[in-house]
Amino acid sequence: MISDPDVVGLLYLVAIVCFIFALRFLSSPKHARKGNWVGGAGMVIAIATTLALDGIGNWALIIAGGVIGSVIGIIGARTVKMTAMPQMVALFNGVGGGAAALVALAEFHVAGGDLGGEEIVSTVLSALIGSVSFAGSMVAFAKLQEWLSGRPIVFTGQNVFNVGILLGAVALGVALVAGVDEQWVLIALIALALLFGVLFVLPIGGADMPVVISLLNAFTGLAASATGFVLDSLMLIVAGMLVGASGMLLTLLMARAMNRSIANVLFGAFGQVQTGAGGTRVDDGRTVRATSPEDVAVQLSFARKVVVVPGYGLAVAQAQHDVRQLAELLEEKGVDVAYAIHPVAGRMPGHMNVLLAEANVPYDQLKEMDEINPDFPQTDVALVIGANDVVNPAARSDPASPIYGMPILDVDKAASVIVMKRSMAPGFAGIDNELFLEPQTTMLFGNAKDSIVKLIAAVKAS
Amino acid sequence: MISDPDVVGLLYLVAIVCFIFALRFLSSPKHARKGNWVGGAGMVIAIATTLALDGIGNWALIIAGGVIGSVIGIIGARTVKMTAMPQMVALFNGVGGGAAALVALAEFHVAGGDLGGEEIVSTVLSALIGSVSFAGSMVAFAKLQEWLSGRPIVFTGQNVFNVGILLGAVALGVALVAGVDEQWVLIALIALALLFGVLFVLPIGGADMPVVISLLNAFTGLAASATGFVLDSLMLIVAGMLVGASGMLLTLLMARAMNRSIANVLFGAFGQVQTGAGGTRVDDGRTVRATSPEDVAVQLSFARKVVVVPGYGLAVAQAQHDVRQLAELLEEKGVDVAYAIHPVAGRMPGHMNVLLAEANVPYDQLKEMDEINPDFPQTDVALVIGANDVVNPAARSDPASPIYGMPILDVDKAASVIVMKRSMAPGFAGIDNELFLEPQTTMLFGNAKDSIVKLIAAVKAS
Amino acid sequence: MRPRESAPGEHRVALTPEAAAKLRASGFDVVVERGAGVLAGFPDEQYAESGVALADQASLLEGAEAVVRVAKPSAEEVGALPAGVVLIGFLEPLTDTDGIARLREHGVVAFAMESIPRITRAQSMDALSSQATIAGYKAVLLAADRSPKLFPMLMTAAGTVAPARVLVLGAGVAGLQAIATARRLGAVVSAFDVRPAVAEQVQSLGATFLDLGVRGEETEGGYARELTSEQQAEQQRALEERLPTFDVVITTAAVPGRPAPKLIPAASVDAMRPGSVVVDLAAETGGNCELTEPGREIAHAGVTIVGLTNVAALMASDASRLYARNVVTLLEHLAPEGTLALDFEDEITAGACVAGAPTAGKGEA
Amino acid sequence: MRPRESAPGEHRVALTPEAAAKLRASGFDVVVERGAGVLAGFPDEQYAESGVALADQASLLEGAEAVVRVAKPSAEEVGALPAGVVLIGFLEPLTDTDGIARLREHGVVAFAMESIPRITRAQSMDALSSQATIAGYKAVLLAADRSPKLFPMLMTAAGTVAPARVLVLGAGVAGLQAIATARRLGAVVSAFDVRPAVAEQVQSLGATFLDLGVRGEETEGGYARELTSEQQAEQQRALEERLPTFDVVITTAAVPGRPAPKLIPAASVDAMRPGSVVVDLAAETGGNCELTEPGREIAHAGVTIVGLTNVAALMASDASRLYARNVVTLLEHLAPEGTLALDFEDEITAGACVAGAPTAGKGEA
Amino acid sequence: MTDISLVVELTVLVLAIFLGFEVIAKVPTMLHTPLMSGTNFIHGIVVVGAIIVLGFADDGFTKAVGVVAMVLASANVVGGWFVTDRMLEMFKRRPEGRE
Amino acid sequence: MTDISLVVELTVLVLAIFLGFEVIAKVPTMLHTPLMSGTNFIHGIVVVGAIIVLGFADDGFTKAVGVVAMVLASANVVGGWFVTDRMLEMFKRRPEGRE
Ligand SMILES: NC(=O)c1ccc[n+]([C@@H]2O[C@H](COP(=O)([O-])OP(=O)(O)OC[C@H]3O[C@@H](n4cnc5c(N)ncnc54)[C@H](OP(=O)(O)O)[C@@H]3O)[C@@H](O)[C@H]2O)c1
Ligand SMILES: NC(=O)c1ccc[n+]([C@@H]2O[C@H](COP(=O)([O-])OP(=O)(O)OC[C@H]3O[C@@H](n4cnc5c(N)ncnc54)[C@H](OP(=O)(O)O)[C@@H]3O)[C@@H](O)[C@H]2O)c1
Ligand SMILES: NC(=O)c1ccc[n+]([C@@H]2O[C@H](COP(=O)([O-])OP(=O)(O)OC[C@H]3O[C@@H](n4cnc5c(N)ncnc54)[C@H](O)[C@@H]3O)[C@@H](O)[C@H]2O)c1
Ligand SMILES: NC(=O)c1ccc[n+]([C@@H]2O[C@H](COP(=O)([O-])OP(=O)(O)OC[C@H]3O[C@@H](n4cnc5c(N)ncnc54)[C@H](O)[C@@H]3O)[C@@H](O)[C@H]2O)c1
């Protein structure tokens with residue numbers, strides 16, 4: 001039993017420091033795992049300290065609740081497939097938000113509604129935000145788990161309706177702050193917040209879910225921080241707010257990486273019921289997925305084997321020197337890099353050779369088509385730079401295509417394909433390329449030179 | 001008059017936020033000036049709030065003190081030459097430390113020595129650290145101002161003596177914490193701390209002063225933070241500690257930029273009385289100054305005209321592609337870049353042409369010696385990459401030199417010369433190069449390719 | 001059985017030992033004329049090593065189902081061909097109508113390498129491209145060898161050597177390769193072509209596109225359409241102004257089936273600096289320069305004008321290698337698994353056949 | 001007054017119009033033989049334009065104080081020289097002892113461009129370097145023109161052309177330039193030299209240094225010392241093994257005053273692949289290849305051996321430009337402000353003077 | 001529980017906000033999801049709130065609410081940690097297997 | 001003055017330490033001196049301490065000490081700010097003059 005509040009405060013401070021280090025580490029590829037462990041240590045300290053507080057009782061209930069929750073957590077986290085990870089994050093985020101709301105409710109109940117100004121504001125915020133986070137996360141989970149349709153679900157007047165509900169919840173909150181001390185008011189507020197959470201997330205399409213989950217994650221952080229105000233706990237305030245702030249920034253970064261504004265993600269569905277949100281959707285429902293230099297950089301840095309496939313676009317962009325620099329950088333990191341030269345890449349025989357020789361790419365890194373094609377299934381990343389026709393699978397599969405019969409580079413056999421070009425425009429043969437729609441393909445749009453320069457910077461940073 | 005402590009706290013919080021932003025801005029070349037202004041705003045808010053506190057009296061004294069101090073500050077800062085800036089920083093840092101020590105003394109006096117555990121510890125720390133900072137800064141100032149010899153001042157037994165003094169001061173501090181409430185003890189402690197400050201800085205050579213000043217600056221921050229504990233002021237704690245922490249990191253960074261450890265800087269003088277500290281010193285007292293890629297990057301980024309002088313070392317390092325990339329980067333930033341090609345640079349006629357053509361440097365950026373030499377006086381930075389003999393002023397000035405009579409590139413006429421090579425080793429002609437000792441020259445040691453790659457990264461970051 | 005025979009006055013050979021071996025592996029019987037590859041650097045032993053039968057001219061054609069060669073056969077040689085045999089080579093279908101008629105009369109099923117349609121699938125049979133690649137490279141070597149100036153810029157203790165200024169007219173396959181090669185040597189290269197798409201391609205090789213204010217059109221096959229006479233005059237005028245600033249001019253402009261467009265009239269040559277060099281790769285079809293004498297190298301007012309024809313044949317070894325690969329791919333197309341199975345519904349077979357196709361004249365111009 | 005006269009059988013000229021103008025500006029009177037520059041691309045009009053007097057051979061030497069030329073004068077020409085005149089040119093002081101003796105007897109004060117000491121200050125007079133630069137470049141063009149293989153690697157629809165493998169033996173001024181030029185053309189280049197410092201220089205051009213296990217020494221002037229006979233045998237052995245892997249060999253190995261070291265015996269040539277090319281820049285002093293016939297180009301077992309001498313003269317225009325700049329700098333050194341003031345205490349003047357120096361024989365080898 | 005004044009809490013809050021922003025300012029996109037998951041785990045700290053509420057609960061309502069909160073919060077903590085850990089497994093350098 | 005518990009102050013202190021480190025983690029060397037000067041100005045905040053001591057001083061000793069502290073601290077604030085400002089003038093892009 002610890003009775004000295006200073007000791008408790010110090011132990012909590014240690015936990016805070018752990019959380020700060022956890023965040024720092026989590027933002028670097030090298031230390032990320034360590035980050036999770038440090039965070040775990042902080043959590044253990046925080047929980048142990050709390051359990052040791054003077055006067056804590058109801059041990060059976062605490063242990064029962066803890067064990068049940070932990071078992072759910074472990075089973076959920078352990079059994080789920082890697083591809084289902086995002087919905088797990090949503091789920092565990094939601095329950096956190098729910099817990100915050102419930103803690104607020106309990107405190108309100110214990111105090112009989114008779115709370116000071118600071119406390120009541122915090123209680124209302126905690127209940128409101130926590131509930132929205134809980135309900136929103138559950139909807140996100142259901143959508144990702146495909147219990148609900150991933151497509152945006154919208155109805156007319158939704159906009160007005162949602163705002164109405166939110167206003168209602170806020171009005172109840174104001175009433176509570178103003179002195180109303182009826183518990184049902186708080187419960188009603190929670191109910192409205194839950195409804196709002198559901199309605200808020202329903203219209204958002206599946207592709208945008210990660211951004212929404214990140215936002216709800218930040219919300220839960222804020223709710224936890226508000227709980228800290230209710231309980232006068234600096235640790236909760238700090239830890240919750242760290243998550244709140246970094247979660248907000250993260251949400252921004254994620255939206256930016258998708259080239260969208262947050263507003264567009266959250267409210268994009270309204271008014272454009274037909275088109276749907278998320279990426280450029282083609283007829284058969286497959287989407288073209290754009291990526292960012294940073295993402296590609298991490299993929300490249302952690303790859304074992306990268307094959308660079310240069311095409312006419314590389315020549316147009318005159319990015320030969322940059323591509324060699326990128327390759328050298330990767331080799332320094334221990335990545336195995338080769339260049340796959342298609343016999344008709346470019347616009348004249350040997351076009352790629354001229355370019356790459358100018359950039360001093362060693363001849364032995366240049367692989368002929370027949371030599372490299374068997375390697376693609378073992379390739380982690382195929383980096384297609386301004387090539388199009390020479391990697392078009394239609395040449396293999398579509399007898400109606402004008403390029404049918406031309407041998408191509410089998411980049412689609414690589415684990416991941418990154419295509420760098422300026423647009424979805426076709427190449428010399430003037431035909432579309434199915435490769436760009438494959439699930440393993442992501443597009444890095446922009447002039448090849450600019451993109452590679454950005455990539456170099458990002459690889460260095462990662 | 002503000003009597004609500006919450007309002008005061010909030011206003012102080014605003015000041016804190018200003019200081020945080022000030023630091024953020026100050027660490028980016030683009031926003032640095034804004035940073036100073038934001039910091040100024042925070043200071044005004046903090047001072048105004050304090051003056052408005054309930055119960056503040058002695059207005060005449062406050063105003064008198066403030067005006068006198070301000071006048072000293074303005075005159076000092078305004079009239080001093082740009083080259084004397086470092087000693088001004090030392091001076092103003094010292095007075096800050098002194099102020100912290102005096103505040104501690106006054107608080108001790110007011111309380112009649114009867115302070116709580118936390119307060120007395122803080123008081124002692126504030127007095128101790130503040131005094132060391134004050135005295136040390138004053139010595140640093142005197143050395144830089146050349147009131148004292150810039151050379152390390154050492155005597156035998158200094159080491160033991162210093163430690164003794166510090167231990168004495170600490171012992172007095174412990175006594176105070178232990179309950180001794182005599183004011184003379186604190187005064188004695190301050191006296192010892194002052195003495196220690198003097199002795200601590202005396203042995204350090206002029207070249208290392210910036211690192212020492214940075215350390216003392218961090219000390220003053222710590223002292224201010226300690227004062228915050230004495231006065232129970234979160235703002236002082238935070239602002240002081242921000243400076244303390246960032247100052248410590250800065251000290252580390254500065255030492256690292258000089259390729260020295262802090263310990264080496266601070267205690268380097270002991271035991272090597274003859275050689276002295278700081279840089280590679282040559283016979284006539286001139287030093288070779290090494291620089292860092294980051295420094296060069298900022299110089300290049302803010303230059304109007306940069307002339308690249310390639311030599312044999314560029315060829316050996318095969319850094320031609322990188323140098324072109326660097327040049328392009330600078331041109332994008334609006335810097336005017338040209339290459340000065342000496343007729344016998346390299347090891348065969350046209351060696352530099354072959355290299356730079358391979359890297360696709362446009363022919364019109366290559367300037368012959370006769371064409372570029374008149375431009376050097378208007379050049380902000382001459383970037384000498386692996387060249388040596390062709391920029392050796394001995395060819396102009398020293399009839400005994402084997403290269404006397406060879407026309408050279410007049411890089412020494414440029415405002416700043418940066419020489420990139422691996423060591424101080426001579427070039428083809430086997431002779432030393434006075435250029436490397438000129439005051440406007442700094443050396444960026446290392447393989448030219450590595451150095452340029454680092455430079456590119458640094459230019460992008462700046 | 002598909003023997004192969006070499007053309008007189010031609011250094012290249014239509015099958016290299018390596019290519020012959022490849023054919024054998026695909027189920028072909030291959031007979032090669034003795035000494036056919038010597039001039040291209042492939043002595044008979046090498047053929048023997050790759051398991052190819054060698055035969056004298058006399059017995060060569062016995063039982064041959066297909067004959068592959070580089071250049072078109074002479075009248076006599078056509079006479080010696082067995083009727084119904086498949087003939088593959090550069091047959092000049094658009095210009096040598098007599099020769100084609102002769103083949104048709106003789107009952108030869110003739111495939112002209114020139115007539116293979118320029119479709120993606122046929123790229124590996126495209127001998128025009130492969131030989132033009134060699135010609136473009138060689139043209140630069142010819143020019144550099146004849147120029148009294150160095151191509152690269154050199155700044156030396158004895159002064160600065162300015163880089164040579166090279167102009168490439170017609171930036172098709174040969175022109176682009178010439179641009180690339182001249183740039184490699186360090187020259188400052190400009191280029192012009194009438195097809196609009198070429199400007200970007202020129203820039204993609206790091207050279208400058210010279211804007212002469214003349215814009216032509218591109219046909220389906222990627223070739224240029226002939227300019228109108230006003231356009232042509234306009235082009236000559238614009239060029240004449242700029243030519244004196246160049247040290248080397250390499251011309252490759254061609255329009256299939258038409259005489260080479262005259263880009264450089266005699267007057268323009270007079271305006272060029274002494275020591276300048278013109279390499280005219282269009283000499284075969286009359287030359288892009290008025291003064292070009294096909295097959296010869298002349299000097300005019302200090303300007304060297306190289307009108308060598310068949311420039312690719314000057315690099316017989318690599319040229320043969322590429323040509324042989326083209327021929328092998330075509331043969332494998334015409335005779336999958338080594339057995340002739342001509343499918344005249346097929347775009348390539350129909351397009352390349354210039355004589356002897358079932359619907360007479362189908363493959364003709 | 002310093003007239004200049006051209007050497008027979010030599011395309012270069014010792015003063016270009018530009019250089020002549022520069023001399024005039026420095027206070028010299030310049031007379032040029034009519035037609036001297038024509039072969040180098042500098043017609044008489046250009047000289048006239050730069051204000052230079054032209055004279056026939058007959059009146060050329062009247063009142064001349066100095067005569068500049070490219071090659072050494074014949075016996076008759078020496079006879080025609082006024083006594084006491086200053087003569088500048090490639091006089092072959094180390095090998096042509098008779099010629100030097102003749103000059104000395106005739107009372108000519110002769111400066112050999114070859115003997116200018118290789119000190120930093122004299123770099124802009126160093127005609128050996130400037131001409132070797134041209135020769136190194138030209139050697140690659142000669143080789144590329146004669147090779148039946150393309151230098152660069154090309155991956156095309158008709159298969160891949162492997163890059164040519166080039167070996168440069170002797171990486172002095174000419175050798176380094178040859179390395180650079182061959183690399184520009186896309187060849188894979190290796191090089192060897194006996195001087196230890198050269199390895200780094202070769203790598204600084206992106207080529208590979210071939211380690212033959214032979215390490216020679218460098219003299220003060222930066223030249224190589226002759227190898228011992230064991231070393232030489234060792235070198236031949238090591239080379240013989242490696243030569244067959246190369247398509248082109250360019251040799252420039254030389255030791256001043258000695259016959260060129262024999263690096264490639266006849267047997268090694270036999271081992272090379274047919275179609276290979278050897279360009280022997282050391283032909284003048286006997287050649288680095290045993291089979292080299294100085295001044296001629298021969299074929300031996302399918303290997304072309306180019307033994308052309310005076311290769312720099314093949315690029316007469318740029319070669320003359322650089323040589324003229326060297327000559328002008330030397331003249332300005334010997335005659336500051338246009339007045340001869342020979343200072344035999346000076347390292348350059350004393351070093352370059354091969355006949356007629358006050359202390360007889362001082363400047364001799 | 002110590003009683004801390006609002007303004008102090010706000011000061012702490014503001015510092016935490018800045019720190020939250022600064023600390024992740026330069027995270028590579030590839031780490032976005034693991035970072036989200038990691039922070040998700042950290043806000044499981046609300047479990048401390050649940051323990052306090054439940055530990056000091058007297059009446060049935062509070063206990064009931066507290067137990068539910070306890071279950072939810074521990075699921076957040078434990079599940080969040082393990083999910084993050086699994087995600088980060090991918091970041092072991094150059095993985096041998098790949099799906 | 002509110003009376004704040006030590007542990008709270010320590011919490012704030014720790015947050016400030018992290019923030020101080022994070023915020024300048026990637027400063028280019030060229031800005032080291034101006035940054036040093038800027039932080040030098042910020043610790044002039046001790047002037048607040050001087051004002052409080054002096055403003056509440058009753059006896060002569062305290063007043064005397066307070067006035068001196070006031071003088072020193074204001075010199076720190078004012079001088080520190082102006083010195084920093086002058087240094088940063090150099091960072092105006094591409095200066096016209098140069099010494
Ligand atoms: N090699 C030869 O001898 C030869 C000769 C003639 C024709 N061809 C034909 O040319 C084609 C060659 O295939 P390929 O894959 O190399 O090229 P491609 O199919 O023509 O595709 C090139 C792609 O590069 C992109 N691009 C252009 N400029 C770019 C820039 N600055 N930055 C980034 N991307 C850029 C274009 O897309 P965006 O516009 O979206 O950026 C385009 O889709 C084949 O169809 C071949 O048959 C070859
Ligand atoms: N151009 C010609 O035709 C020719 C021919 C023969 C001789 N030369 C002579 O060569 C000299 C040329 O002058 P120069 O200024 O170009 O060269 P230099 O005077 O020889 O100096 C080259 C410098 O580059 C440095 N270096 C070497 N490798 C390096 C690397 N990897 N990274 C960074 N630095 C490296 C060396 O210093 P560290 O070891 O400290 O790095 C050396 O001091 C002249 O003396 C000239 O007379 C010229
Ligand atoms: N699709 C394919 O697989 C494929 C294969 C090979 C070539 N091609 C295309 O065909 C194009 C032409 O091929 P080519 O080189 O055999 O053509 P070509 O030899 O018939 O002509 C050479 C060039 O001369 C140009 N020209 C014609 N008249 C001119 C004039 N008056 N002035 C200047 N230039 C003039 C033409 O535009 C052409 O670029 C190639 O550039 C390529 O794009 C396509
Ligand atoms: N200091 C100066 O200003 C200056 C000026 C010009 C040249 N140099 C130096 O002089 C060096 C030699 O000049 P050069 O080119 O006129 O020399 P060179 O023509 O006399 O010889 C050519 C090369 O052949 C090499 N060689 C000799 N015997 C050989 C053998 N058995 N096998 C292989 N190689 C052999 C020599 O080492 C030399 O590099 C240059 O590389 C340069 O470094 C210096």
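Atom set for the values below is all heavy atoms of this structure, side chains included, hydrogens, waters and symmetry mates excluded. A note on names: the letters A, B, ... follow the listed sequences, proteins ahead of strands, and every chain is numbered from 1.
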Is any side-chain heavy atom of A:Val89 closer than 4.5 Å to one of E:Met87? yes

Let me know if A:Ala22 has heavy atoms under 4.5 Å from chain E in its side chain, its backbone, both or neither. side chain

Please check if any side-chain donor atom of E:Asn40 sits under 3.5 Å from a side-chain acceptor atom of A:Thr220, or the reverse. no

Donor-acceptor check, side chain of A:Asn58 to backbone of E:Leu54, threshold 3.5 angstrom: yes or no? yes

So, does A:Asn217 use its side chain to make a donor-acceptor pair with the main chain of E:Met36 at under 3.5 Å? yes

Is E:Arg86 reaching over with its side chain to a backbone N or O of A:Met85, donor-acceptor style, under 3.5 angstrom? no

Can you tell me which of A:Val8, A:Ile62, A:Val238 forms the most heavy-atom pairs within a distance under 4.5 Å of chain E? A:Ile62

Would you say the side chain of A:Leu222 lies within less than 4.5 Å of the side chain of E:His43, judging by non-hydrogen atoms? no

Looking only at E:Asp58, E:Leu19, E:Val83, most heavy-atom pairs under 4.5 Å shared with chain A are made by E:Val83

At a heavy-atom separation under 4.5 Å, does A:Thr49 approach chain E through its side chain, its backbone, both, or neither? neither

Using a cut-off of under 4.5 Å for heavy-atom pairs, which of E:Leu6, E:Val47, E:Leu15, E:Val12 has the most such pairs with chain A? E:Leu6

Non-hydrogen atoms of chain E under 4.5 Å away: do they reach the side chain of A:Leu216, the backbone, both or neither? neither

dist A:Leu250:CG -> E:Phe21:CZ (nearest 0.5 Å) comes out at 11.0 Å

Which region of A:Val80, side chain (C-beta onward) or backbone (N, CA, C, O), has a non-hydrogen atom less than 4.5 Å from a non-hydrogen atom of chain E, or is it both or neither? both

Check whether A:Ser214 gets within reach of chain E through its side chain, its backbone, both or neither, counting any heavy atom under 4.5 Å. both

Can you find a pair of side-chain heavy atoms, one from E:Val78 and one from A:Val71, that are under 4.5 Å apart? no

Does the side chain of E:Val77 reach to within under 4.5 Å of the side chain of A:Phe92, using non-hydrogen atoms? no

Checking A:Ser27 side chain against E:Val23 main chain: does a donor-acceptor pair fall under 3.5 Å? yes

Please state whether the rings of E:Trp81 and A:Trp37 are parallel, tilted or perpendicular, taking 30° and 60° as the class boundaries. perpendicular

For A:Ile72, which atoms come within 4.5 Å of any heavy atom of chain E: side chain, backbone, both, or neither? side chain

Only one of A:Leu102, A:Leu61, A:Ile68 passes side-chain contact (heavy atoms from CB on, under 4.5 Å) with E:Val67, and that residue is A:Leu61

Can you tell me which of A:Gly73, A:Gly65, A:Gly130 forms the most heavy-atom pairs within a distance under 4.5 Å of chain E? A:Gly65

Quick one: does E:Thr33's side chain get under 4.5 Å of A:Pro210's, heavy atoms only? no

E:Glu9 side chain near A:Leu234 side chain, heavy-atom distance below 4.5 Å: yes

Test side-chain contact (heavy atoms from CB on, under 4.5 Å) applied to A:Thr50 and E:Ile52, step by step: CA-CA 7 Å; A:Thr50 311; E:Ile52 290 174; 3.7 Å; yes

Under 4.5 Å from any heavy atom of chain E, what part of A:Phe219 do you find: side chain, backbone, both or neither? neither

